Amino acid sequence: MATNKVTTRPAPGAIERLYAAFDDPRRRWALYAVIIALLLLAPPVVGRYGTVILTNALLYVILALGLNVVVGFAGLLDLGYAAFFAVGAYTTGILTQQFGFNFWLTIPFALCAAAIAGVIIGGPTLRLRSDYLAIVTLGFGEIVRIGARNLEITGQASGLTGIPSPSVFGYTLTGPTTYYYIFAALAVLAVIAAQRLLHSRLGRAWLYVRHDEDAAEAMGINRVRVKLAAYITGAVFGAIGGVFFAANLGAISPQSFSFQQSVLVLMAVILGGMGKIPGVILGAFIVILGPELLRDIGSLRLLVFAVILLLIMLFRPSGIWPGRRS
Amino acid sequence: MLLQLDDVVLRFAGNTVLENIRFGVEENSVASLIGPNGAGKTSLFNCITGFYRPQQGSITFGGEELLKRKPHAVTRLGIARTFQNVRLFREMSVLDNVMAGQHCRSRAGAFSAILGLPSQRAEERRVREICEECLEFVGIADEADRIATNLAYGHQRLVEIARALATQPRLLLLDEPAAGLNSSEKTELVRLIRRIRDERGVAVLLIEHDMGLVMEVSEHISVLDHGRIIAEGNAETIQNDPAVIEAYLGQDEDELELT
């Protein structure tokens, strides 16, 4: 992400310059090329451990972009986003491990399950205001996690193990580097999808509803439908993350889908700047890489990380990514 | 009649806001709704557009009953509105604001957007063209890419009108469109309202306090006072109606610009 030589204007600051680069279509492509090159070259440079961490960061990019649709675009608070991640992971886990499905065949099921979960959480909550919405989504997240902990089919507290590795043309997908590239590809696709959604009819409708529900409704926008679409879209992003998460680890358990995960993803979204795609990507990298980069200071690292996050929020309350100017 | 209200009664917590309203707007006409502050004009707008649910009566538009419809469904049927206090979408460009109006006239969903299907791209282009035309029509096409809320106030009002026109309505409801405008902007507004009727074939119903403007532009005027229609007719009839003079004399000095 450290590509600052992109503008000749006397720029106000590194982030603004980077942002300006995203605004200019020609430079944007150059920047994309650099980012993709960095993504491709990273594994040999950062080593095996670094690759695993980066894979996790890329997973969080996908999750954060999905939650960003709900929170950032449509302005709906969701404190139980890990539930959708869990739905994806468990659908794949159960179908492959207990019903002998081919991994690739589980994807449509996982997406449908996530869409249904999106409707279940979205339907009854759409009339609620943000604070009540927070409580209900929090509850939903916990219901899914506790359900997974207690149901036979989800393997209860120990979860599901021995989820077979998927294969492509006879080649089995295993190993950290392979999954790194899979998640890198998924993250790139997620960015493209988020970008296209934002600049589409539905994306604009989310922003209208977020800014002024009544005015949006007066313009002929069905707010209930549009919000439901946001929940479903966000759920689908989360489920895709979950499906490949299950394939990568080969084992899933309820701990992977705790409230903490939901908060971490939400943090990435808020930190980066709600609704701003590059900011949200940056946010995901910060919440995952931050604690790792601070590993040297030992036991104080989470405390230091928390202080850094607080400082960021104090000095840039609307996120690190700058807002759009006229 | 394009729009017809019959015996509409609206109550809030026992207070009658609108009482047996009988009222119509003809196709291709400019009609006005005037009355002292608090008479129920905006409430009447909200009943027509589905934001309020009258307890009684019927509201038909082109033969369709509106009463049980949600605001977005009313807009889709062909009634667009602006707001008394301008309500543009913040942080969005003028064009993006206007494109809100085309939402109900287009269909692309999440899938076609993510895949960038040709049909979706074609629809986006069409939506953009229609909205650019609407901006051109109200005369602010050169400001399409600016953040809407950064525009001069008078132009923000025009954005709202363009946004309403982008829904391709048959009836346009303007809630105090001249409020906060200077005299040259008001002259422009009168011209714009006439062009909306003549060039686009859209009927206009306006709520307005500026009597000069109302008398100049309206073919039909209805006077609302304490939730009742107390007079109806053309400018001359209204100006000489004793009930109207009575209603306004009870009001503040600045409301007295009847003649």
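Convention: sequence-line order gives letters A, B, ...; per-chain numbering from 1. Keep in mind that this is a model prediction, so the values were computed, not measured.
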Chain A contact via [X] - side chain, backbone, both or neither, heavy atoms under 4.5 Å:
X: B:Arg107; value: backbone
X: B:Glu160; value: neither
X: B:Ala80; value: neither
X: B:Leu115; value: backbone
X: B:Arg121; value: side chain

Check whether A:Ala194 gets within reach of chain B through its side chain, its backbone, both or neither, counting any heavy atom under 4.5 Å.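 Contact with chain B involves no heavy atom of A:Ala194 at all.
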Sort A:Ala218 into side chain, backbone, both or neither according to what part of it lies under 4.5 angstrom from a heavy atom of chain B.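 The answer is both parts of A:Ala218.
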Distance-only polar pair, side chains of [X] and [Y], donor-acceptor under 3.5 Å:
X: B:Glu143; Y: B:His155; result: yes
X: B:Ser106; Y: A:Arg201; result: yes
X: B:Arg81; Y: B:Asn46; result: yes

Euclidean distance, B:Phe51 CZ relative to A:Glu217 CD, rounded to 0.5 Å: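 Output value for this atom pair is 6.0 Å.
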Is any side-chain heavy atom of A:Val191 closer than 4.5 Å to a side-chain heavy atom of A:Val188?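 With C-beta onward as the side chain, the pair stays apart.
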Quick one, B:Phe83 and B:Asp175 - any side-chain contact, counting heavy atoms below 4.5 Å?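 Answer no - side chains too far apart.
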